[in-house]
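The shown structure was predicted, so the numbers you read here are calculated from the model rather than taken from an experiment.
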Amino acid sequence: MILTQEQIQAQAAAIRNRSAGDSRVLALRHTGGWTGPDRLTVSGEEHRIISCISDLQMREALGQLEEGNLPGILLCNLDPSTLGEDVLARLMKRRIHHPQRDEMLRELFCARVMDARILASNHLVEALIRGASAGGYAPAPGGTLDLQFAWKSLLKKLLGFEVSEISFSELLRWTTVRNGRAALIGMEPALRDELAKWLSANCGEAPRFLFRAMESEVGSDLVALGLLLGLILVAERSGLADAEAAAARLEQYFGNESPDSATKQTWYQAATDLFARLAETEVFQAQGVIQNLDRLIERIRLHPHAHLSDHSRLGLEQRLAEAGESIRKATQTLAEAEVSAAQAALDKGGQHRLAGDDALRLRRLQMALRLVLWLRSSDLPGPAASLSQLIAYYQTEGGFVDWARTLVIESDPNPQVKEALRSIIEKVESPWVAFQQQFAERLQQWSAQVAELDGVLRIEEVLARIVAPAAKQHPALLIVLDGMSQAVFRELMADLMRRNWVEASAPEAQVPHVALATIPSITEGSRRALLSGQLPVPSEGNEKSDFAGSERLFEQTGGQSKPQLFLKGDLLESGLIGLSGVVAQAIANSRCRLVGVVVNAVDDSLGAA
C-alpha cells in the first residue's frame, strides 16, 4: 500500500496512542519510494520520516534516530522474517505495522465506535484521511463516528463553511454560495456518486441529476433549472403536447437521461423554498434566477406556456394579459360567467410569486373588475333622488368608484391589459358623468334653499357633534387632511385596516359620518368653519385662535388645558426626523383632551409633482 502524508500521520498517531512507553520508532508497510517531507508532526511531536528498502538501511536509520534520541517513522516493504531480532526489538510493538484505515479514522475523530458503512466506501475513507491535513476534525459526538457526521465533517472541509445538515435543499443552496459550486465540481466524481447514493434514501435520484447538471452549460444556476422543472411538471400534468418535447430538450444536461416526476418535484420544491429566501435576503441574486428561468423557458421552447410557472416574469405578463382580456369580455357582456372567469384569471395572477413586484398593476385590474361589478349592479340613484340620497350613495359607493377610476385610467404597459382598461373606462364614463351632473344640479338647488339634509352634517357642526364628544371620553388627536377626496379617503382607510388600525364609531352610526363643506370649499371658508365651529366664520383671529380660544369647545371636551392646533409649519423641525418636539409634547400632555393638526394634502401633492 502506498501511503499518503495524511495516512502516515493518522496511522502513526493511532499506534503511538496505544503503545505508550514503547519504542520511539515505528515501522509502517509502504510500497514504493517516499517523495514526501522528511519530517511530519504526529501527536504534537516532530518525527523523522525515513524510507528503507533493506535490513541494512533500517539498522542505519535506527542508529541515527537513537543517537539523537529522536522519534521516527520507517517506511518499508520488507519481510519481518528477514530482519534480525535486534532490529525488531528496537521497533514499536516489535513489528512492521500494516496500515489499518479504521484505526486511522478512529484516531482522526477520537472515536471508539465507527459506522461500518464508512469503511464500505473507499472513496469516502480516502477523502476523510486526505482532508485531515487541513486542521483535523472535530471529535465524533459521544465517541461514535456515524456516516452522517463523517459526511458533514468532510463537506465542511471541502466547502469551507459549516454544514448543519445534508439534504437536497442544502445541496442546492451550496451551489448558490460563493465557491460552493466550484467545491462540489472539484470533488472526485466517484466521491460525488457516493454522496448521491447516500442521499438517495431520502431524496431519491435528485442529487445524482443535480451533479450531472452542475457541470453542464446550465449548471451555473441550478435554482432556475429547478423552477423550470416545476413548469415542465405542470405542463405534463396538463397534457400539453409541447411538454414531452420540452422535457426531451433538457436531457442533454442530465447525461441524456430524463429525470422522473419525483425527481422533478423534489428539485422544484427545493428551488421554490430557496428562491423565497433569496428574494428576502439576496434580491439581485433572486432577480438573476428569474432572468435565467425565462432564458431556459425560451431555450426549451415552452415560452407560450410560461403562464403555468409561478416564478416566470414572462409567465406573470401572460397571466396579467389573460386577466385583462377576461375583464374586457366581462365589460362587454356583464354576464355572470364572464365575470367569474375574470375573477379566476385575476386570482391566478395574484398567486404568482412575483405578484408583489407588480402590486399596483394587479390592484388596477382588481379595480377594473370592481367597476364591472358596479356596472352589473345598476343601482345608481333614480332621477328623483334628493341631495341627501346622492350624498349617501357617493359616501358608500361613489368614493370607491372614483378610487377605481383614478387607478384604472392610468393604463398599463401590457397591450391586452391596456385595451381592457380603456374599454372599462369608456363604459363607466357615461353613467358616472350622468351621476355627477345630477349631483351638481341637486347641490345647486339645495344651495338656493339651504334646507336640512337627512344624515348629513354641515362642516361647522363637526367639532361639536363628533370631535368634542369623543375627546370628552378619551384624549383625542384630530387630523385634518386638507384637500383629500373621498376616493383617497377610501384608499387610505383600506391601507390603515391592513396595518391593523381599528375604526371606532358611535353605537348608532352604521357608516362614517359625512359632512358638507362650504361652497366654494376653500381654506378661508370651509376649513376655518370646521376649526372654529362657526359659519359665517369669525371676522377676526385665525384658525389657531379659533380652535384654542373656543370656550364652548373647551367646555365640551373638558380637561385642564385648552385645545391646541398645529399647522403644517409646526409639525416638523429642521434637520430632525419625526414630529417636532412641541407637537409631541402637546399630544403627550394628559391635561389637554384635544389636539388638532392640519396636513395640507393638496400642497404636499403639488410639492411631490
Which donor-acceptor pairs under 3.5 Å do the side chains of residues 409-417 make with protein atoms, sequence neighbours left out?
{"unit_1": "E410", "atom_1": "OE1", "unit_2": "R364", "atom_2": "NH2", "d": "3.0"}
{"unit_1": "D412", "atom_1": "OD1", "unit_2": "R361", "atom_2": "NH2", "d": "2.9"}
{"unit_1": "D412", "atom_1": "OD1", "unit_2": "N414", "atom_2": "N", "d": "2.8"}
{"unit_1": "D412", "atom_1": "OD2", "unit_2": "R361", "atom_2": "NE", "d": "2.9"}
{"unit_1": "N414", "atom_1": "OD1", "unit_2": "Q416", "atom_2": "N", "d": "3.1"}
{"unit_1": "N414", "atom_1": "ND2", "unit_2": "E317", "atom_2": "O", "d": "3.4"}
{"unit_1": "N414", "atom_1": "ND2", "unit_2": "E317", "atom_2": "OE1", "d": "3.1"}

R277 and E280: salt bridge (Lys or Arg N to Asp or Glu O under 4.0 Å), yes or no, with the steps?
-> CA-CA 5 Å; R277 281 186 279 169; E280 291 182 359; over 6 Å; no

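- At a threshold of 4.5 Å between non-hydrogen side-chain atoms, the residues R376 and E336 count as touching.
- Checking side-chain atoms of Q436 against main-chain N and O of P431 turns up no donor-acceptor pair under 3.5 Å.
- A donor-acceptor distance shorter than 3.5 angstrom exists from the side chain of W446 to the backbone of A451, with no hydrogens or angles considered.
- Using a 4.5 Å heavy-atom cutoff, the side chains of L233 and R237 are in contact.
- Heavy atoms of other residues, nucleotides or ligands lying less than 6.0 angstrom from CZ of R178 number 12 at most.
- The shortest heavy-atom contact between L172 and T175 is O-OG1, 2.5 Å.
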Candidate pair Q445 and Q449, rule side chain to side chain donor-acceptor pair (under 3.5 Å), full reasoning | CA-CA 7 Å; Q445 295 167 4; Q449 302 170 359; over 6 Å; no

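- Counting only heavy atoms from C-beta outward, the side chains of D402 and V488 never approach each other to under 4.5 Å.
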Walk me through it: do V339 and I327 pass the test side chain to side chain contact (heavy atoms under 4.5 Å, CB included)?
-> CA-CA 7 Å; V339 171; I327 291 173; over 6 Å; no

Could you give me the CA-CA distance, side-chain angles and deciding distance for E524 and R528, then say whether salt bridge (Lys or Arg N to Asp or Glu O under 4.0 Å) is met?
-> CA-CA 6 Å; E524 291 79 0; R528 193 164 180 197; over 6 Å; no

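- Residues passing the side chain to side chain donor-acceptor pair (under 3.5 Å) test with E162 are K156, sequence neighbours excluded.
- When the side chain to side chain donor-acceptor pair (under 3.5 Å) test is applied to R299, the partners found at least two apart in sequence or on another chain are E217, Y253.
- Between R319 and E322 there is no salt bridge, since none of the side-chain N atoms of the basic residue sits less than 4.0 Å from a carboxylate O of the acidic one.
- No more than 12 heavy-atom neighbours from other residues, nucleotides or ligands sit within 6.0 angstrom of CZ on R301.
- Applying the side chain to side chain donor-acceptor pair (under 3.5 Å) rule to Q534 yields no partners; only residues at least two apart in sequence or on another chain are considered.
- Residues D482 and V599 form no side-chain contact, since every pair of their non-hydrogen atoms from C-beta on lies 4.5 Å or further apart.
- No donor-acceptor distance shorter than 3.5 angstrom exists from the side chain of D310 to the backbone of R353, with no hydrogens or angles considered.
- Comment: E543 engages R527 in a salt bridge, judged by a side-chain N to carboxylate O separation of less than 4.0 angstrom.
- Minimum heavy-atom separation, A286 to F275: O-CE1, 3.5 Å.
- One N or O on the side chain of S238 and one on the backbone of V234 form a donor-acceptor pair closer than 3.5 Å.
- Formation of a donor-acceptor pair under 3.5 Å by the R593 side chain with backbone atoms of K472 is found in this model.
- Salt bridge annotation for E461-R458: absent, with no cationic side-chain nitrogen under 4.0 angstrom from a carboxylate oxygen.
- Here F435 and Y393 bring their ring centres to under 6.0 angstrom of each other.
- Here the side chain of S545 pairs a donor or acceptor atom with the backbone of N542 at under 3.5 angstrom.
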Verify side chain to side chain contact (heavy atoms under 4.5 Å, CB included) between L225 and D221, making sure each step is shown before the conclusion.
-> CA-CA 7 Å; L225 184 57; D221 194 342; over 6 Å; no

Going through the distances and angles, do D273 and Q269 end up as a side chain to side chain donor-acceptor pair (under 3.5 Å)?
-> CA-CA 6 Å; D273 295 342; Q269 188 59 57; 3.1 Å; yes

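- At distances below 3.5 Å, at least one donor-acceptor pair connects side-chain atoms of N292 with backbone N or O atoms of G288.
- Using a 4.5 Å heavy-atom cutoff, the side chains of L293 and S309 are in contact.
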Are W374 and F400 close enough, and set up right, to give a side chain to side chain contact (heavy atoms under 4.5 Å, CB included), and what steps lead you there?
-> CA-CA 10 Å; W374 175 73; F400 289 109; over 6 Å; no

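- No donor-acceptor contact under 3.5 angstrom links the side chains of D495 and W501, judged on distance only.
- Side-chain contact between L365 and V408 is absent, with no heavy atoms from C-beta onward closer than 4.5 Å.
- The heavy-atom pair separating A529 from V537 by the smallest distance is N-CG1, 3.7 Å.
- When every heavy atom of A247 is checked against every heavy atom of E236, the shortest pair comes out as CB-OE2, 3.9 Å.
- In summary, D357 and R313 engage in a salt bridge, as defined by a charged side-chain N under 4.0 Å from a carboxylate O.
- Two residues are said to be in side-chain contact when any heavy atoms from C-beta on lie closer than 4.5 Å; Y268 and H311 meet this criterion.
- Take K544 and apply the side chain to side chain donor-acceptor pair (under 3.5 Å) test, not counting sequence neighbours, and it matches D570.
- Here the closest non-hydrogen pair linking T266 and A206 is CG2-CB, 4.0 Å.
- Between the side chain of E338 and the backbone N or O of A330, no donor-acceptor pair lies under 3.5 Å.
- With hydrogens and angles left out, the side-chain atoms of Q343 and D347 include a donor and acceptor closer than 3.5 Å.
- Judged by distance alone, the side chain of S521 and the main-chain N or O of A517 form no donor-acceptor pair under 3.5 Å.
- Between L387 and the options V456, L443, D454, a side chain to side chain contact (heavy atoms under 4.5 Å, CB included) holds for only L443.
- Within a 6.0 Å sphere centred on CD of Q473, other residues, nucleotides and ligands contribute 12 heavy atoms or fewer.
- Although no hydrogens or angles enter the test, the distance criterion places a donor-acceptor pair under 3.5 Å between the side chain of E573 and the main chain of G581.
- The shortest non-hydrogen separation linking S169 to A270 is OG-CB, 3.7 Å.
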Check step by step if side chain to side chain contact (heavy atoms under 4.5 Å, CB included) holds for L492 and L481.
-> CA-CA 11 Å; L492 178 62; L481 300 177; 3.6 Å; yes

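- Evaluation of the side-chain hydrogen bond (donor to acceptor under 3.5 Å, both in side chains) test over residues 553-562, restricted to residues two or more places apart or in two chains, returns E551-K562.
- Between Q389 and R442, every side-chain heavy-atom pair lies at or beyond the 4.5 Å cut-off.
- Of the candidates V598, I459, L478, L530 forms a side chain to side chain contact (heavy atoms under 4.5 Å, CB included) with just one, namely I459.
- Comment: E170 engages R173 in a salt bridge, judged by a side-chain N to carboxylate O separation of less than 4.0 angstrom.
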